[in-house]
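Structure first, then comments.
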Amino acid sequence: MTDFDGKTAIVTGASGGIGEAAAKRFAADGASVVVADLKVEEGEATVADIEDTDGEATFVETDVTDPADVGAMVDVAVDTYGGLDFAFNNAGIEGEREATADQPVDNFERVIGVNLKGVFLGMRAEIPVMLDDGGGAVVNTSSIAGRLGFPDISPYVASKWGVIGLTKTAALEYSGEGVRVNAVCPGVIDTPMVAQSREEDPESIDGAVAATPIGRIGEPEEIGDAAVWLCSEDASFVTGEAMTIDGGYTSQ
């Protein structure tokens, strides 16, 4: 357990999956958490779960593609808890599955908007507050699709490669000023997104599991815990890293 007493964290995409797991871990370690998502009922359920275990959390309905919404999210952290120490920019969507030449333009723009623009807008709003507060840590969610190519999800792949580029650039820009910036690159994780993919194309997930040396899909907590660790003092010498957590998938 990490001592985050008196610290504040923002987690986007915190209504389920990896974001929910990270929000609960931040709270368990003592941080006050801003739970941000478009899914109101599920996001409020995350807050209720945190409060049931004597944690502190606030839900903010947030469209990460909207600069005003993202700014308001950060304002809630400052106004409610007095500042911002950690941010986990995790919100993401997969989008439609089509070969690149058949991808609808609006799908490409939607996926890039949430997965890449959302990370950019998050850091754009979060980092200045951290600089004013004397430092902090940001973690962005990429994917093994930010390491490799995958057929039929070119917008998703492009967005996740872009997240790594944004992460490394921001790390170079701000780590000397006390703000560390890292990314996590999950493999196949038991999230609502993977559940939907399994429903649409069971063979794709089964094939990914078969190709994973550990022989199973990952749990959301295994990624959430890593994101929280990257924000901790135990990771004080880690910045610009894109941590792959995939059961060995990309090691082959």
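Between the CD1 atom of Ile189 and the CD atom of Glu221 there is a distance of 10.0 Å, given to the nearest 0.5 Å. Going from atom CG of Asn115 over to atom OG1 of Thr65 covers 11.0 Å, rounded to the nearest 0.5 Å. To the nearest 0.5 angstrom, Asp69 atom CG is 11.5 Å from Asp75 atom CG. Taking CD of Glu94 as the start and CD1 of Ile153 as the end, the distance is 5.5 Å to the nearest 0.5 Å. Note: Asp85 CG to Ile10 CD1 = 10.0 Å, rounded to the nearest 0.5 Å. Within the model, atoms CD of Glu51 and CD of Glu56 stand 7.0 Å from one another, a figure rounded to the nearest 0.5 Å.
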> So Asn107 and Arg110, side-chain contact (heavy atoms from CB on, under 4.5 Å) or not? Walk me through it.
Replying inline: CA-CA 5 Å; Asn107 180 64; Arg110 184 168 67 96; 3.6 Å; yes
>> Quick one, Val47 with Thr58, criterion side-chain contact (heavy atoms from CB on, under 4.5 Å). Give me CA distance, side-chain angles, the key distance, then yes/no.
In response: CA-CA 6 Å; Val47 170; Thr58 300; 5.9 Å; no
> After noting the C-alpha distance and the side-chain angles of Arg147 and Tyr249, does the key distance pass the side-chain contact (heavy atoms from CB on, under 4.5 Å) rule?
Replying inline: CA-CA 11 Å; Arg147 299 289 199 186; Tyr249 188 100; over 6 Å; no
> Hey, mind stepping through Glu126 and Asn89 against side-chain hydrogen bond (donor to acceptor under 3.5 Å, both in side chains) and telling me if it holds?
Replying inline: CA-CA 10 Å; Glu126 296 150 358; Asn89 297 309; 3.0 Å; yes
>> I'd like to know whether Lys24 forms a side-chain contact (heavy atoms from CB on, under 4.5 Å) with Ile50, so could you lay out the CA-CA distance, the side-chain angles of the two residues, the decisive distance to 0.1 Å, and finally the verdict.
In response: CA-CA 6 Å; Lys24 291 179 177 179; Ile50 289 171; 4.0 Å; yes
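Val35 is not listed as a side-chain neighbour of Val11, based on a closest heavy-atom distance of 4.5 Å or more. A 4.5 Å side-chain heavy-atom check between Val34 and Tyr81 finds at least one atom pair inside the cut-off.
Between the side chain of Thr167 and the backbone N or O of Gly240 there is no donor-acceptor pair closer than 3.5 Å. Within the 3.5 Å criterion, the main-chain N or O of Asp3 finds no donor-acceptor partner in the side chain of Glu233. The backbone N or O of Arg97 sits nowhere less than 3.5 Å from a side-chain atom of Asp152 that would complete a donor-acceptor pair. At least one donor-acceptor pair closer than 3.5 Å links the side chain of Ser159 to the backbone N or O of Tyr156. Although no hydrogens or angles enter the test, the distance criterion places a donor-acceptor pair under 3.5 Å between the side chain of Asn90 and the main chain of Thr12. Side chain of Asn182 to main chain of Val238: a donor-acceptor pair is present (N/O by atom type, distance under 3.5 Å, no hydrogens or angles). Between the side chain of Ser142 and the backbone N or O of Lys160, at least one donor-acceptor pair lies under 3.5 Å. A distance-only check finds no donor-acceptor pair linking the side chain of Arg124 to the backbone of Val70 [under 3.5 Å]. Remark: the backbone N or O of Gly135 is not paired with any side-chain donor or acceptor of Asp133 at under 3.5 angstrom. In terms of modelled atom types and a separation under 3.5 Å, the side chain of Thr239 and the main chain of Val181 share a donor-acceptor contact.
Of all non-hydrogen atoms in Glu44 and Phe59, the two that sit nearest each other are CG-CD2, 3.9 Å. A pairwise comparison of heavy atoms in Thr212 and Ala208 identifies OG1-O, 2.7 Å as the closest pair. Taking all atoms of both residues into account, the shortest heavy-atom contact from Val64 to Leu121 is O-CD1, 3.4 Å. Of all the heavy atoms in Pro213 and Gly247, the pair that sits closest is CD-O, 3.2 Å. Summarising the geometry of Leu230 relative to Ala183, their closest heavy-atom pair is CD1-O, 4.1 Å, with the distance given to 0.1 Å. Contact between Gly43 and Ser15 at its shortest, heavy atoms only, is N-CB, 3.7 Å.
Between Arg25 and Asp29 there is a salt bridge, with a side-chain nitrogen of the basic residue lying less than 4.0 Å from a carboxylate oxygen of the acidic one. Between Glu222 and Arg216, at least one side-chain nitrogen of the basic residue sits less than 4.0 Å from a carboxylate oxygen of the acidic one, meeting the salt-bridge criterion.
Counted within 6.0 Å of CD on Gln252, heavy atoms from surrounding residues, nucleotides or ligands total more than 12; the atom is thus considered enclosed.
Between Phe4 and Phe86, the distance from one ring center to the other falls under 6.0 angstrom.
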